[in-house]
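What you see is a predicted model; the values in this text were computed from it and never measured. The first residue in the sequence is number 1, and the count goes up from there.
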Amino acid sequence: MYTAHPDRYADMPYRRTGRSGLKLPALSLGLWHNFGPDRPVETQRAILRRAFDLGVTHFDLANNYGPPPGSAESALGDALKADFAPYRDELVISTKAGYLMWPGPYGEWGSRKYLLSSLDQSLARMGLDHVDIFYSHRPDPDTPLEETMGALHTAVQQGKALYVGVSNYSPEQTREAARILAELGTPLLIHQPRYSMLDRRPETSGLLDTLGELQVGSIAYSPLEQGLLTGRYLDGIPEDSRAASDSPFLDSDAVTGELVGRLSALNDVAADRGQSLAQLALAWVLREGRVTSALVGASSPRQLEDSVAAVGNLEFGADELARIDEIVKK
């Protein structure tokens with residue numbers, strides 16, 4: 001029987017999410033990959049246990065995570081029952097709906113029918129009566145935003161979610177979503193954008209400024225840019241890497257000699273700070289406190305430990321930030 005480490009809250013910083021009372025760990029565990037039937041169950045459970053022992057109290061999912069879709073939620077449900085039942089109230093569990101989940105016209109996007117049906121299915125897979133955060137995973141160009149936000153509000157009213165969020169919304173869409181939710185009486189808690197040293201759209205689009213103005217939290221996904229910022233590609237493309245596979249998320253053509261040169265230069269910055277490249281990338285996303293939490297995946301407890309060690313040095317000097325900008329923007 002798993003017993004959580006007694007000092008699990010000693011080293012992890014927790015940041016307030018927007019103007020809410022909810023605090024998130026600086027690093028959260030994303031169950032996007034590595035939690036399907038192609039991965040050993042004991043490895044999955046070992047990652048989850050190690051995460052919690054290190055103070056990672058937030059597990060982030062979506063209905064379609066796996067693969068196949070739904071399997072990550074099922075895997076978490078098994079782990080909750082086996083290991084985490086005594087600790088449920090110490091955990092923040094989130095899920096999302098928006099991408100394709102089942103065939104037909106009601107299996108994706110942002111209709112009330114799809115979102116609420118998907119949430120019921122997610123709860124059943126995880127064996128929960130509620131999630132802590134329920135997200136609209138992407139904006140729907142054909143469904144009124146009032147309907148999508150109304151469905152999130154209903155999830156809270158039904159007691160099936162404590163908070164709501166959005167992901168992949170533009171600054172303008174986020175502002176309107178926040179307005180609608182405020183009128184309904186369910187505040188927008190958090191936005192989940194893609195953000196890394198190599199992908200700065202939340203900065204350039206004004207999204208981070210918008211979230212600051214609205215007092216809405218943020219949690220960055222892909223802060224390690226699909227593994228590019230882990231150091232695995234410093235010598236090219238490893239045979240067992242995502243870029244070498246048929247993954248739709250990282251094409252081998254993207255790993256150019258120019259990119260490898262920039263990654264090597266960033267690795268030098270990390271070494272000067274006493275960090276791995278992954279730790280540098282995570283610390284950079286979390287700098288200044290504008291981002292509430294950064295989402296990391298893990299294929300092993302050891303990989304997770306390396307990521308969590310980033311919280312030991314989140315401060316940057318102006319010269320370091322300038323050096324990173326010069327490398328990235330070449």
Side-chain angles (χ1 to χ4, degrees), residues 1-13 24-61 65-67 71-72 75-76 78-80 82-84 87 91 196-197 220-245 247 249-250 263-264 266-267 269-271 273-286 293-314:
M1 182 68 179
Y2 165 69
T3 301
H5 196 287
D7 297 328
R8 57 191 176 276
Y9 296 115
D11 298 318
M12 176 63 68
L24 293 180
L27 290 181
S28 299
L29 180 63
L31 278 68
W32 183 21
H33 295 296
N34 305 318
F35 286 86
D38 60 333
R39 307 283 177 160
V41 171
E42 278 308 309
T43 300
Q44 298 176 25
R45 287 180 59 184
I47 292 169
L48 291 166
R49 290 193 295 259
R50 189 61 182 138
F52 191 54
D53 283 347
L54 292 170
V56 178
T57 55
H58 179 207
F59 299 158
D60 179 79
L61 301 99
Y65 287 179
S71 60
L76 180 63
D78 292 340
L80 290 172
D83 294 329
F84 295 101
Y87 307 107
L91 292 171
S196 75
M197 287 195 293
Y221 74 86
S222 292
L224 300 179
E225 203 60 35
Q226 298 296 321
L228 287 175
L229 291 169
T230 63
R232 295 202 71 199
Y233 297 89
L234 294 175
D235 298 314
I237 303 177
E239 291 184 2
D240 61 345
S241 67
R242 188 169 296 170
S245 71
S247 170
F249 303 108
L250 182 60
L263 296 177
S264 180
L266 290 171
N267 192 56
V269 177
R273 288 170 51 86
Q275 292 182 315
S276 67
L277 179 55
Q279 290 165 358
L280 171 72
L282 294 169
W284 183 89
V285 165
L286 293 167
S293 184
L295 276 168
V296 296
S299 59
S300 69
R302 183 175 178 179
Q303 188 181 67
L304 178 68
E305 290 166 359
D306 181 77
S307 294
V308 170
V311 304
N313 184 9
L314 300 179

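Taking the side-chain hydrogen bond (donor to acceptor under 3.5 Å, both in side chains) definition, one finds that S299 meets it with Q303, sequence neighbours left out. Not counting sequence neighbours, R302 has no partner by the salt bridge (Lys or Arg N to Asp or Glu O under 4.0 Å) test. Partners of A51 by side-chain contact (heavy atoms from CB on, under 4.5 Å), not counting sequence neighbours, listed by chain and number: L29, V56, F59, L304. Scanning for ring-ring contact (aromatic ring centres under 6.0 Å, His included) contacts around F52 gives F84, Y87, with sequence neighbours left out. Taking S28 as the reference, H58, S293 meet the side-chain hydrogen bond (donor to acceptor under 3.5 Å, both in side chains) condition, with sequence neighbours excluded. A search for side-chain contact (heavy atoms from CB on, under 4.5 Å) contacts involving P67 returns nothing, not counting sequence neighbours. A search for side-chain hydrogen bond (donor to acceptor under 3.5 Å, both in side chains) contacts involving Q275 returns R273, not counting sequence neighbours. Under the salt bridge (Lys or Arg N to Asp or Glu O under 4.0 Å) criterion, R8 pairs with E90, sequence neighbours left out. Shown here are the side-chain hydrogen bond (donor to acceptor under 3.5 Å, both in side chains) partners of S196, two or more places apart in sequence or in another chain: E225. Under the side-chain contact (heavy atoms from CB on, under 4.5 Å) criterion, L286 pairs with R15, A26, L27, V291, A294, L314, not counting sequence neighbours. Judged as a side-chain contact (heavy atoms from CB on, under 4.5 Å), and not counting sequence neighbours, the contacts of D53 are Y2, A4, H5, R50.
For the pair L280/M197, a side-chain contact is recorded, criterion being any heavy-atom separation below 4.5 Å from C-beta on. Annotation: side chain of L48 is in contact with side chain of L76 (closest heavy-atom distance under 4.5 Å). Inter-residue side-chain proximity for D78 and V41 is flagged as unmet; no heavy-atom pair is nearer than 4.5 Å. Using a 4.5 Å heavy-atom cutoff, the side chains of L295 and W32 are not in contact. Side-chain contact check for I47 versus F35: some heavy-atom pair is nearer than 4.5 Å. Inter-residue side-chain proximity for L277 and T230 is flagged as unmet; no heavy-atom pair is nearer than 4.5 Å. In this structure the side chain of L80 reaches within 4.5 angstrom of the side chain of L91, judged on heavy atoms.
Remark: the backbone N or O of A270 is not paired with any side-chain donor or acceptor of Q279 at under 3.5 angstrom. One N or O on the side chain of Q44 and one on the backbone of G36 form a donor-acceptor pair closer than 3.5 Å.
Here CG of L61 is found 4.5 Å from CG of L31. Values are rounded to the nearest 0.5 Å. Atom CG in L234 sits 9.5 Å away from atom CG in L229 (nearest 0.5 Å). A distance of 12.5 Å separates CD of Q226 from CZ of R232, quoted to the nearest 0.5 Å. Atom CG of N267 and atom OG of S276 lie 8.5 Å apart (nearest 0.5 Å).
Environment of CG in D38: crowded, with over 12 heavy atoms of neighbouring residues, nucleotides or ligands closer than 6.0 Å.
L263 and Y233 get closest at one heavy-atom pair: CD1-CB, 4.2 Å. Here the closest non-hydrogen pair linking R45 and A79 is CG-CB, 4.4 Å.
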Exercise. Do Y221 and D60 pass the side-chain contact (heavy atoms from CB on, under 4.5 Å) test, and can you show the C-alpha distance, the side-chain angles, and the key distance before you say yes or no?
Worked result: CA-CA 10 Å; Y221 74 86; D60 179 79; over 6 Å; no
